[in-house]
Amino acid sequence: MEFVDHPRVAYTLFDGPFFESIDRYAPDPKYRDAVKALLPEGWKVQPRGFWTHCFAPDADFIAHGWKIHVSSRTENAIETLRHVTAVAVSTGVNFKFCSDRRMLRLSLNKNASRSQAGKFIAIFPRDQAEFEEVIERIHVATRHLDGPYVLTDRPYRDSEVVYYRYGEHRGEPRLNHYGQRVRGYRLDDGSWHADTREPKFRLPPGVQDPFSREQELAPPGDDGVLIKGRYRIRQALKFNANGGVYRGIDEATGAQVVIREERGALGALEQTSTEHGEGYSLHKEARILQRLAETGCVPGFVDLFKEWRHWFLVQEYIGAQTLWGDAIGYYLGRSGRTSAEAFEALRSSTIKLATGLQAVHAAGVVLRDLTRTNVLVTAQGDIKFIDFEFSHEVDDAGPWVPGGTSGYAAPEQIANETPSPSDDHYALGVLLLDMLTFSASGFDLNREGLYGRLGQNIDDLHLPQALNDIVAGLTHLDVAQRWDLQRAIDALNAIEPPPPLPLFHVGDDIPEVAPPSAALKSELRQMVEDIGAYLDDSVDFNRQDRLWPASSEVFTTNPINLKHGAAGPAFFQLQVRGSVDPAVLDWIAKRANPRDCPPGLFSGLAGVALLMSAAGRQDTAEAVMRVSNVPEMLYEAPGLYYGAAGWGLANLHLWQDIGNVRYLEQACGVGDWLLRTATEAEAGLHWAIEDVVSLGLGEGQSGIALFLTYLAAAADEPRYLQAAVRALDFDLAFGEEYGGLLLWQPTVDARPGDPRSPHTWYGSSGIGSACLRCYAATGESRFLETAQRCALSVASRFTNKIWQFEGASGFGEFLLDMAQFTGDQRYARIAYYQSEILLPHRIRRPKGVAFAGSDHFRICCEYSEGSSGIGLFVDRLLHDKPRLLMLDGLLKAGMPATAEDSRIAAVMV
């Protein structure tokens, strides 16, 4: 099962605080029992999470060929299964099916991958003759049924459930530089072909469709697509599995419109699909738009119609931004904004939200999905509510849509109790919290922690403390004590505006902050100890897919890498305690192979080799580094985190640690390859992957520059340093001023609306870290000046991110670098100031503490987005230790190692 569009959805199916592999899901046996009742002796049935596989006796899979997909509604799923099973049995062909009703519903969910949506059963014929026979027989057996359209396939004849495509069966997947398995197979000429799962029908070279001469549909022309003879679609705004949202022109009036699409058999409520039929969600939305028209709080309704098998809702186009973007503007809209100005903007928006909700409730509607992306703010400051999938009309006797958006949905809504206006009161409180912390998605996991973070932000921004009370009142767990809208409005109106103090530090020099208190240092020391205690308690040696709770990516890459896998917590244990549990190292070493792990520093074997070397297992480190030297993988990407530069950096570490000149030679080999393959531009040197030129430390030119800077010092080769300077110049040319900050977008061709980042992966703190090292090597003051501007850009702790790759821990690491290279302890004091925001994000566990990963949604223990990276930063802060993976001892201006354990120092300095 692939969830390309929304990759985390499939890993949140289990109740609990962790991401979990869908392969651990135990399906309801109803579908399986229906199939097994029809299978003769000798057939094997194997449930594997999302899919249940059925293998014919002695039947094998071919590498690639034609595949048949059968779609289904939930209400006729068992009938469909029986028809297909009968054909499969009579022909002896292997097949698989969505394991149970929940998995079928998941494949029809709007957050499923568009390339997966609708695929209920997959059949694997062994050759073209069998394919043509089987697909015809399935068509005959199912021609009375209907189901969703499968976007990756072509429909067979006039069927509404039978589809086909050409692709891998057993296949030959390949690792990419991120450690993900890319599906594919070898063509007849021996070349490897990626089996790309795009939401359109495609054929590999040399393969002809036996039923159609049309190889691919022609794309729309420059004038767009005309539907109903009236609405011309000009632009796709977004897609999900259920359809798309488009911007277009009503040619009858000339007005701009938004067109929402619902694909056939995908939008109906499962409880009411036979009564209401397909298109139910858009019908309901159309009713609500018309019902709420007089409130002025929704876009105007224009039209609702069906064309082909899809339903379309046409509504007024609102030139507006989301509440998320509007709220960011309260604080960062212009340099020098005051707390009084930010408060008045916040108060005005919140009162407009509350009064709008009052009008909605008076019209008999409960929204039930009031989130930062479902509220638009016009240029005039008016509020518009959109997206009524979960909304409920109180006079509708039919069932309501169960569920809601995590963080925003009240507990009683999650429990599927009768919808009530108090659901929206709760969501308004979360929205207010979100406009102050931008962390609402973590509210269910760490409620008290986010209250604490809210208080910190209110203090930092010099806003009124009464905002705390309003959030707490609206989000009260007891519905009887929860504030209503009028009470919130009255409380907001009663607040005295704060004095007009600057929201953030103003000036070209870094701010002065007080030295850390003894109490803060004590609390941070305890936090590091508690992180270690939770790692001890949560390690699970019986699992094969992960050792500690981690981001969902651990299940799609490998369980040992430094980014998401076991190497991060192991490095934490090594730095904090001076040793790693030998069982952890054994577990990691057992899985360190090039079949499952790419060479990369953060994605695979290079990072594991450094761990083993630092832990005193030099023989293992050398063995891992040997097997990582796979040139076709090594040179797939040039960057530091996942590519050749990171592998080269690992060789420099091993050269220093072990003393074998072979590793310096291998690092020079990487440097020479980088110089040969660089592209010279006016801005500087750069490297691309499939025409994408990244920026920053992780995958951009700054990370390559960092490696070349160290290599120049190690090899005493000026040409490497010259290339490092030119590579860094390239990234610096793309820095952007925003609200007084120096920030970067992720790639050179990023769109204007793409995020500008201060973070380590591709933003200010990572690029500033590379600038510092280049300054140390060259003495060029411009690099120090840029690093100082980067440090100023991360001096504020107004961020919803707390991790190494993104957020406060990465900011803190860079600020400690600044103190190290400049001797200015103001930077170290700001690093302590940053560390304070980590404290409320602690999640108390029976033993120790944990932290949530990306979006604050699930507990993660990894380095990049979890507890280990946070703990490594704080331990470095407390004990003046060197930065993980850096080689600053090679640089003249670098500070000497201070770690007591020489084995740790070898990998860090």
Side-chain angles (χ1 to χ4, degrees), residues 231 237 245 247 250 253 255-262 267 269 272 276 279-305 311-323 326 348-401 403-405 408-410 413 418-431 474 484-486 488-489:
Y231 305 104
L237 300 178
V245 180
R247 184 174 174 178
D250 180 353
T253 65
Q256 293 189 71
V257 292
V258 170
I259 304 166
R260 298 190 62 180
E261 172 193 32
E262 187 174 288
L269 287 180
T272 62
H276 291 287
Y280 172 77
S281 295
L282 289 190
H283 279 81
K284 181 182 74 171
E285 181 145 354
R287 289 198 311 271
I288 290 175
L289 287 175
Q290 295 172 83
R291 186 169 188 160
L292 299 180
E294 292 185 2
T295 69
C297 296
V298 297
F301 169 79
V302 178
D303 201 354
L304 176 70
F305 61 92
W311 281 90
F312 296 91
L313 170 65
V314 186
Q315 61 192 47
E316 173 192 13
Y317 170 74
I318 302 292
Q321 64 177 331
T322 66
L323 184 65
D326 187 64
S348 175
S349 289
T350 307
I351 290 175
K352 287 178 180 178
L353 278 166
T355 55
L357 282 175
Q358 286 179 323
V360 167
H361 294 164
V365 175
V366 182
L367 294 182
R368 301 180 74 240
D369 199 18
L370 189 66
T371 70
R372 62 193 180 203
T373 56
N374 286 345
V375 178
L376 300 182
V377 183
T378 70
Q380 295 74 37
D382 296 327
I383 296 294
K384 301 286 184 180
F385 302 114
I386 61 170
D387 196 350
F388 305 107
E389 177 184 1
F390 288 104
S391 298
H392 181 67
E393 300 158 281
V394 295
D395 55 2
D396 182 358
W400 52 87
V401 180
T405 301
Y408 297 93
Q413 180 176 338
T418 303
S420 161
S422 66
D423 297 346
D424 290 345
H425 302 166
Y426 184 95
L428 177 64
V430 180
L431 265 184
L474 287 168
D484 62 21
L485 297 172
Q486 192 57 50
I489 292 169

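Each residue takes its place number in the sequence, starting with 1. Heavy atoms only: backbone and side chains are in, while hydrogens, waters and symmetry mates are out.
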Nearest heavy atoms of Gln358 and Ile489, plus distance in Å:
OE1-CD1, 3.7 Å
Could you give me the CA-CA distance, side-chain angles and deciding distance for Asp387 and Arg260, then say whether side chain to side chain contact (heavy atoms under 4.5 Å, CB included) is met?
CA-CA 10 Å; Asp387 196 350; Arg260 298 190 62 180; 3.7 Å; yes
Nearest heavy-atom contact between Val366 and Pro421 is CG2-N, 3.9 Å
Can you check side chain to side chain contact (heavy atoms under 4.5 Å, CB included) on Arg287 and Phe388, steps first, answer last?
CA-CA 10 Å; Arg287 289 198 311 271; Phe388 305 107; over 6 Å; no
Spacing of Gln315 atom CD and Ile259 atom CD1 [to the nearest 0.5 Å]
10.0 Å
How many angstroms lie between atom NE2 of His283 and atom CG of Leu304, to the nearest 0.5 angstrom?
4.5 Å
Nearest non-hydrogen partners of Gly381 and Lys352, listed with the distance
O-NZ, 2.9 Å
Which pairs, with at least one residue in residues 292-301 and sequence neighbours excluded, count as a side-chain hydrogen bond (donor to acceptor under 3.5 Å, both in side chains)?
none
Leu353 side, atom CG; Cys297 side, atom SG - distance, nearest 0.5 Å:
9.5 Å
Grab the two heavy atoms, one from Pro299 and one from Phe385, that are nearest each other, plus how far apart they are.
CD-O, 3.4 Å
Is there a side-chain contact between Leu474 and Tyr426 (heavy atoms, below 4.5 Å)?
no
Within a strict 4.5 Å, meaning less than it, do heavy atoms of the Leu357 and Leu370 side chains meet?
yes
Minimal non-hydrogen separation, Leu431 against Leu323, with atom names
CD2-CD2, 3.7 Å
Backbone N/O of Phe390 and side chain of Asp369: donor-acceptor pair under 3.5 Å:
no
Tell me whether the centres of the aromatic rings in Tyr231 and Phe305 are closer together than 6.0 Å.
yes
Indicate yes or no for a side-chain donor-acceptor contact from Lys384 to the backbone of Asn374 under 3.5 Å, with no hydrogens or angles considered.
no
How far does CD of Glu262 sit from CH2 of Trp311, to the nearest 0.5 angstrom?
9.5 Å
Do Val394 and Val365 have side chains that approach each other closer than 4.5 Å (heavy atoms only, starting at C-beta)?
no
Can you find a pair of side-chain heavy atoms, one from Leu313 and one from Leu289, that are under 4.5 Å apart?
yes
Please report the interatomic distance CG(Asp326) to CZ(Arg372), rounded to the nearest 0.5 Å.
14.0 Å
Working note: His361 + Leu485, criterion side chain to side chain contact (heavy atoms under 4.5 Å, CB included); need CA distance, chi angles, decisive distance, verdict.
CA-CA 10 Å; His361 294 164; Leu485 297 172; 3.8 Å; yes
Do Val298 and Ile288 come close enough that some side-chain heavy atom pair is under 4.5 Å?
no
Candidate pair Asp303 and Phe312, rule side chain to side chain contact (heavy atoms under 4.5 Å, CB included), full reasoning:
CA-CA 8 Å; Asp303 201 354; Phe312 296 91; over 6 Å; no
Of all heavy-atom pairs between Arg291 and Ala363, which one has the smallest distance, and what is that distance?
NE-O, 2.8 Å
Would the distance check show the side chain of Gln413 and the main-chain N or O of Arg368 forming a donor-acceptor pair, the cut-off being under 3.5 Å?
yes
Could you grab the distance from atom CG of Asp250 to atom OH of Tyr317, nearest 0.5 Å is fine?
15.5 Å
Is there a donor-acceptor pair under 3.5 Å between the side chain of Lys284 and the backbone N or O of Ser391?
yes
